[in-house]
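A short write-up of the structure that comes next.
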Amino acid sequence: MNIIQETKRRLAVALGDAAAAARAAGEISFDELPDFVIEAPRDKSHGDFAANLAMLLAKQARQSPRNVAAALVRHLEIPQPGVARIEVAGPGFINFTLDQSWLLPVLPAVLAEDEHYGWSNIGQGVKVQVEFVSANPTGLLHMGNARGAALGDSIANLLTATGYEVCREFYINDAGNQIENFGLSLEARYLQAFGQEAEVPPDGYHGEDLVATVRHFIARYGDKYLDADPTLRREMLVRFALEEKLAAIRQVLEDFGVVYDVWFSEQYLHDSGAVARAITDLEKNGYIYEKDGALWFKASDFGEEKDEVLVRKNGLPTYFAADIAYHRNKFERGFQRVINIWGADHHGHVARLKGALQALGYDPGRLEVVLMQLVRLYQGGEVLRMSKRTGHYVTLNELIEEVGRDAARYFFVMLKSDSHLEFDLDLARSQSADNPVYYVQYAHARICSILRLAKERGLAVPPAREANLDLLREPAEVELIKQVASLPETVAGAALALEPHRLTRFAHDLASLFHSFYTTCRVLADDPELCQARLVLVEATRITLRNVLYLLGVTAPERM
RNA sequence: GCGCCUGUAGCUCAGCUGGAUAGAGCAGCGGCCUUCUAAGCCGCGGGCCGCAGGUUCGAACCCUGCCAGGCGCGCCA
């Protein structure tokens with residue numbers, strides 16, 4: 001528990017007691033203590049914390065909020081130590097102003113906790129799986145996949161930091177129709193390479209990358225499959241190409257700072273009988289019927305408009321059937337929470353998958369789907385349409401090369417997932433300082449520079465308890481400490497909401513407060529005592545910045 | 001037609017789950033480098049929070065109805 005959270009708790013308890021005391025004294029009446037909040041007011045003149053309890057009690061008490069507030073304050077046992085002033089303000093807020101030094105203990109704590117500062121154990125070791133990207137292994141990753149990668153990885157980081165046991169997983173769509181198409185496309189390219197007449201199917205994969213893949217195939221196997229049985233030929237081509245494509249995907253994700261724990265094959269679900277078993281069990285539970293030669297799942301029993309086909313007329317199970325088996329498999333592997341990062345174009349899939357899981361006896365609430373709106377690319381003020389089929393899209397590889405991993409990751413996570421992301425390629429390509437990530441990284445580099453210089457002068461960051469932290473009285477110092485102190489709450493809140501974009505805002509604010517501090521306060525000051533105190537503050541800021549950047553998957557450079 | 005998401009400053013977006021005078025970045029204008037990194041700091045201008053009702057002490061946030069944009073509604077994935 002961190003200082004801010006602890007203080008809020010203490011104030012809340014004291015207010016609750018005050019309410020009870022005021023009631024006992026007959027000054028106000030209420031049945032049940034409402035759920036009130038203690039929060040930091042936006043305006044500093046309103047103190048360090050404000051409580052809205054009086055406003056919430058006013059109706060039950062049949063008195064004006066300000067009267068209730070006055071009664072509460074009269075009966076308030078002032079929580080010690082630390083509260084310097086209490087006042088009733090505005091419509092009935094109770095504002096608390098704390099002693100100037102109340103936050104100082106956070107600095108030794110930051111230095112002591114170091115790379116774990118901001119972390120917590122809210123998750124209590126609960127097993128969580130985060131599945132993200134899971135792109136078709138038939139090509140390169142595009143901007144949508146990139147957003148999913150940045151988002152999913154940061155969410156996984158957040159959950160790890162809050163005490164969950166996290167597994168990152170990539171679901172490989174190596175079965176079904178698109179693989180058929182993939183095989184036909186590869187085959188066409190193979191035959192073309194030997195001068196034969198062949199065409200990539202209209203709904204096949206037209207990207208130039210397949211030509212290269214086939215070239216690699218030929219380098220190994222030559223014309224061995226030119227006159228072979230087409231089924232075998234396609235199988236060999238697909239096997240080879242999948243391996244190559246997956247290796248490339250794995251590599252680019254690694255370059256993006258994303259490393260998976262598990263790569264899970266869809267084909268395995270078919271081969272192991274898991275898909276068949278899921279269908280049998282749904283049937284057992286009475287959610288399956290046959291119509292037009294196909295097997296249907298009664299999604300309409302779960303509020304869906306239409307039922308869904310699980311097994312086609314031709315006897316092949318649908319993607320949906322495999323997905324049901326897959327998600328059941330996740331639960332069977334012991335994950336309490338299962339989180340999927342999906343593009344918004346899959347939103348229609350959510351309810352029926354939850355329905356199917358419920359039909360299998362699982363609590364559908366254990367599956368959480370984070371939907372992200374699609375990325376729209378702009379270039380020269382024009383929308384750039386992305387399409388895998390035409391082979392016309394900007395890849396993650398290109399993105400990393402042109403704007404760099406740090407900027408790309410920061411950019412993708414900066415927006416909340418349900419807002420549409422407009423990616424201006426011209427701006428990104430310009431590699432200008434406009435990119436907010438540089439602003440944050442620059443603060444870190446500046447701190448490192450101060451610490452380097454201090455070291456050259458024989459000054460080290462002192463043990464925090466030996467420094468006279470009470471000297472940190474400048475407004476810029478106080479504000480900086482406050483921000484440093486609020487990291488644990490920010491991390492916990494972002495993890496709870498699965499919203500890593502809150503981290504970018506925090507990082508920006510922290511950098512901004514540091515830059516202000518830097519121009520107002522000289523760290524390597526003439527006064528040795530003040531210098532020591534400021535070295536502690538600067539070190540705590542460095543740790544906080546580095547930790548939040550780590551969660552974002554962005555490096556914290558020591559020089560820029 | 002139905003469902004989901006979005007609509008906040010010229011542009012791109014925040015707004016901590018209903019709080020006090022709605023905030024950043026970019027763009028514009030004006031200042032600040034002989035001392036720890038100017039990729040920085042300080043200041044100024046800029047808003048019917050899409051529209052209209054409702055809920056309550058209090059609404060950008062919750063409810064209803066419209067309007068606009070995106071996405072989905074396949075025996076594709």
Side-chain angles (χ1 to χ4, degrees), chain A residues 37 39-43 45-46 50 52 54-56 58-59 64-66 89-93 95 136 173 175-179 181 203 266 291-296 304-306 308-314 316-320 322-323 343-351 371-374 376 414-424 427 432-443 445-454 457 486 489-490 493-494 496-497 499 501-502 504-506 508-509 511-512 514-525 531 534 538 559-560:
Chain A
V37 294
E39 59 186 1
R42 191 192 305 279
D43 188 335
S45 69
H46 294 133
N52 64 348
M55 278 110 80
L56 299 176
K59 190 159 201 177
S64 79
R66 288 193 68 112
F93 286 103
N95 292 341
N136 278 338
N173 302 129
N177 257 332
Q178 88 280 5
I179 291 295
N181 265 329
D203 54 349
E266 178 186 354
K291 194 182 95 182
D292 303 332
L295 278 190
W296 296 71
E304 282 292 273
E305 256 179 76
K306 300 175 202 168
E308 286 296 316
V309 171
L310 290 179
V311 181
R312 303 183 186 96
K313 195 161 41 180
N314 64 11
L316 294 175
T318 58
Y319 175 85
F320 180 48
D323 225 15
D345 51 340
H346 286 67
H347 85 264
H349 198 54
V350 178
L371 291 174
M372 46 169 195
Q373 295 299 317
L374 304 180
R376 209 172 349 168
M414 195 165 47
L415 270 51
K416 58 175 187 252
S417 63
D418 49 14
S419 46
H420 303 263
L421 197 158
E422 307 206 354
F423 203 107
D424 187 331
L427 181 70
S432 70
D434 296 345
N435 202 311
V437 71
Y438 294 124
Y439 182 81
V440 177
Q441 289 181 314
Y442 183 56
R446 260 185 158 177
I447 292 172
C448 291
S449 169
I450 295 172
L451 295 176
R452 266 197 308 272
L453 192 65
R457 296 187 187 174
S486 66
E489 255 192 324
T490 302
L496 180 72
E499 289 184 350
H501 78 272
R502 296 187 190 191
T504 60
R505 197 162 53 89
F506 176 91
H508 177 271
D509 291 347
S512 173
F514 171 75
H515 286 312
S516 295
F517 160 81
Y518 181 88
T519 43
T520 340
C521 304
R522 198 177 162 77
V523 177
L524 304 178
C531 175
R534 284 182 174 165
V538 155
R559 295 169 199 273
M560 283 176 77

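Letters A, B, ... mirror the listed sequences (proteins, then strands); counts begin at 1.
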Nucleotide of U12(B), U21(B), A39(B) approaching Asp43(A) most closely (side-chain heavy atoms):
U21(B)
Quick one: which of A20(B), C36(B), C73(B) gets closest to the side chain of Val523(A)?
C36(B)
Looking at U37(B), A20(B), C75(B), which one has an atom nearest to any side-chain atom of Val309(A)?
C75(B)
Hey, is the side chain of His501(A) poking within less than 4.0 Å of OP1 or OP2 on G15(B), counting only N and O atoms?
yes
Between Asn177(A) and C76(B), is there a side-chain N or O to OP1/OP2 distance below 4.0 Å?
yes
Would you tell me if any nitrogen or oxygen in the side chain of Lys416(A) comes within less than 4.0 Å of OP1 or OP2 on A14(B)?
yes
Heavy atoms from C-beta onward define the side chain here; which of U17(B), U21(B), A20(B) lies closest to that of Arg42(A)?
A20(B)
Is any side-chain heavy atom of Lys313(A) closer than 4.5 Å to a side-chain heavy atom of Asp292(A)?
no
Assign each of Gly176(A) and Gly348(A) the nucleotide of RNA chain B bearing its closest heavy atom; nearer the 5' end lies the nucleotide of Gly348(A)
Taking 4.0 Å as the cut-off, does a side-chain nitrogen or oxygen of Tyr518(A) come that near to OP1 or OP2 on C42(B)?
no
Where the side chain of Tyr442(A) is defined as all heavy atoms beyond and including C-beta, which of G72(B), G40(B), A77(B) is the nearest nucleotide?
G40(B)
From the list His501(A), Met372(A), Glu499(A), Gln373(A), side-chain contact (heavy atoms from CB on, under 4.5 Å) partner of Lys416(A) resolves to His501(A)
Closer than 4.0 Å, any side-chain N/O of Arg446(A) to the OP1 or OP2 of A38(B)?
yes
Does any donor-acceptor pair link the side chain of Asn52(A) with the base of A20(B) at a separation under 3.5 Å?
no
What are the two closest heavy atoms between His349(A) and Asp323(A), and how far apart are they?
NE2-OD2, 3.0 Å
A77(B) OP1/OP2 closer than 4.0 Å to side-chain N/O of Arg312(A)
yes
Rounded to the nearest 0.5 Å, what separation is found between the OH atom of Tyr438(A) and the CE atom of Met560(A)?
7.0 Å
Closest to the His347(A) side chain: G3(B), U37(B), G19(B)?
G3(B)
Proximity to the side chain of Ser449(A) - top-ranked nucleotide from A20(B), C75(B), C36(B):
C36(B)
Report yes if a side-chain nitrogen or oxygen of Ser516(A) is closer than 4.0 Å to either non-bridging phosphate oxygen (OP1 or OP2) of C42(B); otherwise report no.
yes
What nucleotide, of C2(B), A39(B), C36(B), holds the atom closest to the side chain of Glu305(A)?
C2(B)
Is the distance from OP1 or OP2 of C13(B) to the nearest side-chain N or O of Thr504(A) less than 4.0 Å?
no
Beyond-backbone contact of Arg446(A) with Tyr518(A), side-chain heavy atoms, under 4.5 angstrom:
yes
Check every atom of C71(B), C5(B), C13(B) against the side chain of Asp345(A) and return the nucleotide holding the closest atom.
C71(B)
